[in-house]
Amino acid sequence: MTGVPGRARCVARANIALSKYWGKSDDRLNLPAVPSLSVTLEPMRTETVVVLDDALRGDTFELDGAPARDVERARVARLLDGVRLETGLSTFAHVTSRNHFPTASGLASSASGFAALAGAARHAYGLPRDDARTSAMARRASASAARSVYGGFVALPAGHPGDDALAAHVVHPPEHWDLRVVVAVVTEARKDVGSREGMGLSRETSPYWDAWVASAPRMYDAIATALRAKDIRALGPHVEQSFTTMHALAFTSSPSTMYFQPASIAALGALRDLRARGVPVWPTMDAGPHVKAVCHGDDADQVEAALAATPGVLRTLHARPGPGLELD
Ligand code: 2P0
């Protein structure tokens, strides 16, 4: 292993999609059926260390201080297999990962987790830094992870079947705009239908699937245009429609998946009341019941106070645009 560092540490951040990814065009290569656009979040970090060890007979994976479940270890090993294939090395590795934000917060730790893993693994096995390849590798593990490789406002195009090089790219750096995401956490429980299962059901059973694939690019374009113009009043309604359309698919799947809880509805109502009073704030939600408010930095304290005072909201988190991978 001459010339191979054999060890690397990488930090990646969670992201929230303003324009949602939901559903695949190629299951085997994990390619999204629609384009998505996200903001990378500071301070929601995952820190991952990869250490090669010739004595190992398989990869090990420790998550937040405890051995990970077999299914999680297998996903990590699959990503490492890709790095071993690219380098010709066969050595297994110890992987240690720590989330510096609550994983029941509705902020996907798989996005920051697989981005940090791809960054650390490629470096530890001696590959030169190449964020596009890192993003494509993270995408194969979890499509939203492709976006967490980059900082600021990040796009992941829809994938054409067979396009295994598909990667995310930066649309604007973090300093482009002081957009904030305020998370209203409404439960500490884990969700019952994961994103992968939920989006698979949507494609197979929702009568609205074709309409989603046809309309998502228009929502994406409108969101990209408003983001370029830094116009929250133009951005907000499209951000809202992207998530409500995604949830309409889940709701109209068979069996139906509903991610909303009563406190989610209360939080959405609190944001509607704020808007009625002139505060430009719009919601988004992912594959869980938490509500994420999208607003400008000038209004974030007021938004956070209103959500914190909403019955059923357990606590709030507040994030701003953050940087891409940090590698050493
Ligand atoms: C997103 N989500 O754009 C959407 C919105 C959840 C709702 O990307 O199957 O964990 O591993 O590619 O990336 C979460 O789905 O799914 C997600 P896989 P992933 O952020």
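Start at 1 with the first residue, then count along the sequence. As the structure lists them, so they are numbered: ligands from 1, and atoms in each ligand from 1.
- Scanning all protein heavy atoms for the shortest distance to atom 8 (O) of ligand 1 gives Y21 CD2, 3.0 Å.
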Between T40 and N15, is the side-chain hydrogen bond (donor to acceptor under 3.5 Å, both in side chains) condition met? List the steps. CA-CA 4 Å; T40 302; N15 73 75; 5.7 Å; no
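- Only the side chain of S110 comes within contact range of ligand 1, with a heavy atom under 4.0 Å; no backbone atom does.
- Shortest contact from atom 19 (P) of ligand 1 to any protein heavy atom: S142 OG, 3.5 Å.
- For ligand 1, the polar-atom distance check finds an N/O of R196 within less than 3.5 Å of one of the ligand's N/O atoms.
- By the 6.0 Å contact criterion, CZ on R75 is enclosed, its count of non-hydrogen atoms from other residues, nucleotides or ligands being greater than 12.
- Salt bridge R45/E326: absent, no basic N to carboxylate O contact under 4.0 Å.
- Residue D286 has no nitrogen or oxygen atom sitting less than 3.5 Å from a nitrogen or oxygen atom of ligand 1, judged on distance alone.
- Residue, atom and distance of the protein heavy atom nearest to atom 20 (O) of ligand 1 are R147 NH2, 2.8 Å.
- Close approach to A17 involves these atoms of ligand 1, each under 4.0 Å from a residue heavy atom: 1 (C), 3 (O), 20 (O).
- Residue contact check: S144 has heavy atoms under 4.0 Å from atoms 8 (O), 10 (O), 13 (O), 19 (P) of ligand 1.
- Here side chain to side chain donor-acceptor pair (under 3.5 Å) pairs that include residues 272-284, with residues two or more places apart or in two chains, are K20-T284.
- Side-chain contact, R180 with H318: a donor N or O sits under 3.5 Å from an acceptor N or O.
- In summary, the atoms of ligand 1 found under 4.0 Å from a heavy atom of K20, numbered by their order in the structure, are 3 (O), 5 (C).
- Protein heavy atom in closest approach to atom 6 (C) of ligand 1: S195 OG, 3.7 Å.
- Closest approach of A121 to V50, counting heavy atoms only: N-CG2, 3.9 Å.
- Checked against a 3.5 angstrom limit, the closest N/O atoms of N30 and ligand 1 fall inside it.
- Side-chain contact check for S148 and S112: no donor-acceptor pair (N or O, by modelled atom type) lies under 3.5 Å.
- The aromatic rings of W177 and H296 lie tilted to each other, with the angle between the two planes from 30° to 60°.
- In the vicinity of R75, heavy-atom distances shorter than 4.0 Å reach the ligand 1 atoms 11 (O).
- Taking the ring centroids of F251 and H247, they lie at or beyond the 6.0 Å cut-off.
- Residue N15 has no nitrogen or oxygen atom sitting less than 3.5 Å from a nitrogen or oxygen atom of ligand 1, judged on distance alone.
- Any N or O atom pair closer than 3.5 Å counts here, and M246 shares no such pair with ligand 1.
- Heavy-atom proximity to M199, at under 4.0 Å, picks out these atoms of ligand 1: 15 (O), 16 (O).
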Between D81 and R78, does the salt bridge (Lys or Arg N to Asp or Glu O under 4.0 Å) criterion hold? Intermediate values first, please. CA-CA 5 Å; D81 284 343; R78 205 153 41 240; over 6 Å; no
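- Nearest non-hydrogen protein atom to atom 9 (O) of ligand 1 is K24 NZ, 2.5 Å.
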